[in-house]
Amino acid sequence: MINSICQRYPAKRRGNPFGWEGGGALIAFSHGCPNNAPAILWTTANEWQPIFKGRTTIAAADGLSHR
């Protein structure tokens, strides 16, 4: 199921939907999301709204901070 989601969304994105050389890493670090992570996690192609826009984790960390 996850594989089909990565292949389908965002539609018409060039390159490997599973990241660099098909790595498919499901991890993000405090300093960023690696280039072998699936594109659905970081790309904005075709108006897709990713968790880690542009492979940065800064905005996501702001939304996840607790008060």
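In what follows, residues are counted from 1 in the order of the sequence shown. The basis for the numbers below is simple: all heavy atoms, side chains too, and nothing from hydrogens, waters or symmetry mates.
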Specify the closest pair of heavy atoms between [X] and [Y], including all atoms of both residues, with the distance to one decimal.
X: A25; Y: P38; result: O-CD, 3.1 Å
X: C33; Y: A37; result: SG-CB, 3.6 Å
X: E21; Y: N16; result: C-ND2, 4.0 Å

Side chain to side chain contact (heavy atoms under 4.5 Å, CB included) against W48, all qualifying residues, sequence neighbours excluded: Y9, P10, I40, T43, P50

N3: partners by side chain to side chain contact (heavy atoms under 4.5 Å, CB included), with sequence neighbours left out: F18

